[in-house]
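Note: hydrogens, waters and symmetry copies are ignored here, and every other heavy atom, side chains too, is used. Protein chains get the first letters and strands the later ones, always in sequence-line order, with residue 1 at the start of each. Keep in mind the model is a prediction, meaning the values are calculated, not measured.
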Amino acid sequence: MTDHELRHLRDLLTDAVADVEPAHALDEIRARTTTTKRHWPYAAGGAMLAVAASVAAFAMLGNDTTPRATDPGTTTSPSASATEPPTAPPTGTPSASPVRPPSAVVAVYYVGDTPDGPRLYREFRSAISDDLLTEAVSAAVGRAPDDRPLAPLDPDYRSAWPSMTAAAARTVPDGDDVIIEINLSGDPEGSLHDRGSLSEAEASLAIEQLIYTAQAAIGERAPVQFLLYGERTDQVLGLPTSEPLANGPVLDTLALVSLTSPSEGMLVDNDEPLVVEGVGNSFEGNIVTRVQRWEGTYVVDQLPTIAGWGEDKLFPFEVTFDLTGVPPGDYVVVSSTDDPSGEGRFHSDSRRITVVD
Amino acid sequence: VTTHAALAGTVKRADRWSADEALEELYAAHWRQLVRLAVLLVRDVGTAEEVVQDAFVAMHGRWGRLRDNDRALAYLRQAVVNRSRSVLRHQVVVDRHLRATAARPPETAPDADTGALAAARRGAVLDALAQLPDRQREVLVLRHYLDLSEAEIADALGIARGSVKSHASRGSAALRELLGDLWRDES
């Protein structure tokens, strides 16, 4: 091309958009970026203890399948600590909520293995932003609020989403109810429209990860509308998403035991009792929890508890260990369901902890 | 002393720009041009605005690593190109454009004034761009609308400089072909 032709091309392109005067958007962009200023607050074990303590106050939430209309208790946001008034409505923009206690936590559902194949486990993590709903669904797809990759705390868990996926969520009113909108974007080279290399089961778990996580963040079982790049889409990961989706049945989707506390890597003083909390659903409600050395098989103690069973939900359980005289070091806490068949098909969840003097 | 202090203050400020300050500055300087860039890529203005908004949000989240206006601007351009491509692949824009075109009332005979001619030419250029393969369109627009160098384009698109050259020449040849008389019209 000659210089003349190049100039002509430049003029054509410049002229083609010369009349485009985009609408003012700074406020809108600002509203979407109010969440990305701080860094993860916990580097030390002490902060982890604090997280675990605030988690304990609402260990039951996030697994409650009761419809919200009959159970106002579930409208308490599980992402805020017990000091927040339980009357805070879950509707409206999440960032509009009032002053929040410093150590907010979110429940994030990740994929882990069970004898019945991969299922979802719930992990609590400390949250830093004002938009806990978005922070929770971002964590579920493997991203921190500052856009960095974010792995589950428990190395046994994983996100089922392709690695460059990003997610944001908000609630939108739907009559007297509320719908959660989750907007996905991702690797421009890949496609979240089709399931790609994921199996159908993995794709389905990926979707359930976000449904369960978002529902836990707002504290109710609201339907979830998926968007892809801000638009409604007939499918995400090959699964139909034209309509808002309900969560899958609890007993077919979640692992049958999931630990709430201790959190992975938590420091535990052996002068204090170790309270293990979780949710589960087991034959006749039996859940056995043991504390054993990380290396080797030495079992400090093993205690049974009774959670519920039968209904399509997980029931809370709690058991307390006396660690007096237990030598400092790394230990693992394992809670398992009962298996009456004797085929070893029990579900379990574990956390590594460090006992200190 | 005053000069020194003032200077030190400026340096410090540039060094320690927060993500919010960077956002404001870059928005003021580049929002319009980036939206226009996106319009050349995706054609639909509403979609272009969304694409560029997303890019600014992503830039803000990444400011901790960018920490520099030039790098942030390069990141913004790259994000706009990548997101535009994603959007096109999802056919959203095409569908919306088809709907918009179908819904538009039949045009009255254009006045023979320059405004109507210019509008027709603008539409034709955007239509022609939309028909090019993704890479050719991206390279053409970065090269001739943003005036980026071949090296900058290669960086932004993650392709070799040689490919930039070949996409540019094929793209401009194809565009010339598609525009026909409009290309030669030197009004």
Side-chain angles (χ1 to χ4, degrees), chain A residues 1 4-39 129 134 138 143-148 164 166 168 183-194 227-235, chain B residues 18-20 23-24 27-28 31-32 34-40 45-54 56-58 60-65 81-87 89-90 92 96 118-119 121-126 129 140-141 143-145 147 169 172-173 175-176 179 182-183 186:
Chain A
M1 260 205 263
H4 177 73
E5 283 177 312
L6 285 176
R7 263 200 310 280
H8 185 48
L9 176 53
R10 184 157 312 164
D11 291 346
L12 280 176
L13 293 180
T14 306
D15 177 63
V17 288
D19 60 344
V20 173
E21 284 302 333
H24 181 77
L26 185 57
D27 293 339
E28 212 168 317
I29 295 170
R30 277 210 192 104
R32 292 172 59 193
T33 57
T34 51
T35 65
T36 52
K37 279 171 229 159
R38 282 155 287 162
H39 293 281
S129 72
T134 286
S138 289
R143 284 216 191 196
D146 66 1
D147 229 18
R148 277 175 236 232
M164 287 176 72
N183 185 19
L184 296 164
S185 54
D187 181 0
E189 300 297 334
S191 166
L192 296 174
H193 186 257
D194 305 307
L227 304 176
L228 201 49
Y229 296 98
E231 302 277 344
R232 288 224 179 182
T233 171
D234 60 332
Q235 57 175 46
Chain B
S18 71
D20 288 345
L23 172 68
E24 218 161 292
Y27 174 89
W31 164 251
R32 188 168 68 172
L34 287 170
V35 172
R36 289 180 172 182
L37 167 70
V39 170
L40 289 171
V45 177
T47 309
E49 288 177 346
E50 282 167 29
V51 160
V52 181
Q53 266 200 34
D54 285 351
F56 271 103
V57 171
H60 182 277
R62 214 171 280 246
W63 177 252
R65 269 177 293 168
V81 172
N82 286 343
R83 279 158 208 266
S84 297
R85 195 184 317 138
S86 313
V87 163
R89 285 196 187 168
H90 292 290
V92 172
R96 179 183 292 180
R121 187 178 55 217
R122 284 169 189 169
V125 170
L126 292 177
L129 279 173
L140 272 192
V141 164
R143 184 82 190 89
H144 301 295
Y145 178 69
D147 239 348
S169 68
S172 45
L175 197 67
R176 192 160 36 179
L179 286 174
L182 279 169
W183 174 268
E186 301 278 325

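- Taking chain B as the reference chain and counting heavy-atom pairs below 4.5 Å, the highest number among A:D11, A:T14, A:D15 is found for A:D15.
- The shortest heavy-atom contact between B:S172 and A:L9 is CB-CD2, 3.9 Å.
- Considering only heavy-atom pairs separated by less than 4.5 Å from chain A, the leading option among B:V45, B:L179, B:D147 is B:D147.
- In this structure, CG on A:L13 lies 10.5 Å from CG on B:L37, to the nearest 0.5 angstrom.
- Remark: the backbone N or O of A:V17 is not paired with any side-chain donor or acceptor of B:R122 at under 3.5 angstrom.
- Annotation for A:P22 and B:V35: closest pair CB-CG1, 3.6 Å, computed over non-hydrogen atoms.
- The two residues B:E49 and A:A23 make their nearest non-hydrogen contact at OE2-N, 2.8 Å.
- To the nearest 0.5 Å, atom CG of residue A:L12 and atom CZ of residue B:R176 are 11.5 Å apart.
- Heavy-atom minimum distance, A:A25 versus B:Q53: CB-NE2, 3.6 Å.
- Across all non-hydrogen atoms, the minimal contact from A:D147 to B:A58 is OD2-O, 4.3 Å.
- Atom CD in A:E28 sits 9.0 Å away from atom CD in B:E50 (nearest 0.5 Å).
- A 4.5 Å side-chain heavy-atom check between B:H60 and A:R30 finds every atom pair outside the cut-off.
- Contact of the B:D54 side chain with the A:R32 side chain is registered, since non-hydrogen atoms from C-beta on lie closer than 4.5 Å.
- Counting all heavy atoms, side chain and backbone alike, B:L40 lies closest to A:A16 at CD2-CB, 4.2 Å.
- A donor-acceptor pair is defined here as one N or O able to donate and one able to accept, closer than 3.5 Å; such a pair exists between the side chain of B:R36 and the backbone of A:A18.
- Residue contact with chain A, scored on non-hydrogen atoms closer than 4.5 Å, involves the backbone and the side chain of B:Y145 alike.
- Considering NE2 of A:H24 and OH of B:Y27, their distance stands at 4.5 Å, rounded to 0.5 Å.
- Interface remark: B:L140 contributes backbone and side-chain atoms alike to the contact with chain A (heavy atom separation under 4.5 Å).
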